[in-house]
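Just so you know, ligand 1 is whichever comes first in the structure, and atom 1 is the first atom listed for that ligand.
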Amino acid sequence: MRSTVDELLTRLIDAGRTAVRTGLVIASGGNLSVRLPDDTIAVTARGTWLDRLEMDSFSILDPDGNVVDGNPTPSSEWKLHQRTYRVRPDVGSVIHLHPRTAVLLDAMGEQIRLMTLDHAHWVRSIGRVPYHPNGSDELADTSAEQSRTHNCVIQAHHGCSCIGGDIAMALRRAMSLEQAAVLTYQALVLGDRHTSFPRAALAGLGHA
Ligand SMILES: [Zn+2]
């Protein structure tokens with residue numbers, strides 16, 4: 001059990017490094033979590049830099065959000081993670097990041113378009129919630145509600161949550177979402193407002 005927990009936390013530390021290295025976020029722009037085998041949740045502690053996570057950078061919460069082990073001060077966004085796991089028992093990881101292009105396009109009222117097979121397969125659909133203050137019940141509850149039907153949810157003027165059965169899938173979705181936003185941005189710069197992955201082909205894809 002301990003070795004499984006250590007392995008999961010090591011993968012989350014890796015995911016944080018990847019998110020910063022690939023330009024998805026800077027510094028402490030987000031928070032990460034994984035569901036542990038005993039149904040507790042490991043979530044990054046408050047103020048942690050995503051490329052400098054260590055084994056003591058995580059708070060362990062029970063399913064109701066009480067800190068039961070690890071770092072005593074979880075991220076101010078812990079409710080966002082806890083509420084999402086509550087509505088999606090199939091989900092093993094929540095990656096909440098502040099990626100600039102996805103947030104910019106949404107703030108401008110532009111829909112992020114799925115352009116490639118990767119976007120269609122991994123992202124599939126994008127939910128969104130209006131702006132709510134950081135750490136609020138409103139942000140956590142509205143995002144969790146959107147997570148019932150979308151694996152990627154944009155939080156206006158703030159960030160996104162991407163979820164998956166495991167850490168790799170959640171991270172892959174976050175990377176694909178931001179790439180879709182970048183391609184949408186580039187299409188807009190070229191004057192294109194309509195190109196997107198064919199709707200008929202999207203309907204024909206199996207479950208990711
Ligand atoms: Zn955030």
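For Val67, the side chain to side chain contact (heavy atoms under 4.5 Å, CB included) partners at least two apart in sequence or on another chain are Leu61, Pro74. Here Glu145 pairs with Arg148 under the salt bridge (charged side-chain N to carboxylate O under 4.0 Å, His left out) rule; sequence neighbours left out.
Excluding waters, the set of protein N, O or S atoms lying under 2.8 Å from the Zn ion (ligand 1) comprises His96 NE2, His98 NE2, His158 NE2.
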Please list, one pair per line, the donor and acceptor atoms closer than 3.5 Å that link side chains of residues 152-161 to other protein atoms, with sequence neighbours excluded.
unit_1 : atom_1 : unit_2 : atom_2 : d
Gln155 : OE1    : His96  : ND1    : 3.4
Gln155 : OE1    : Cys160 : N      : 3.2
Gln155 : NE2    : Ser143 : OG     : 3.2
Gln155 : NE2    : Ser161 : OG     : 2.9
His158 : NE2    : Glu77  : OE2    : 3.3
His158 : NE2    : His96  : NE2    : 3.2
His158 : NE2    : His98  : NE2    : 3.2

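Asp141 has a carboxylate O that lies under 4.0 Å from a charged side-chain N of Arg83, or vice versa, which qualifies the two as a salt bridge.
Within a 6.0 Å sphere centred on CD1 of Ile26, other residues, nucleotides and ligands contribute 12 heavy atoms or fewer.
A cation-pi arrangement, defined by a distance under 6.0 Å to the six-membered ring centre and an angle within 45 degrees of its axis, is absent between Arg173 and Trp122.
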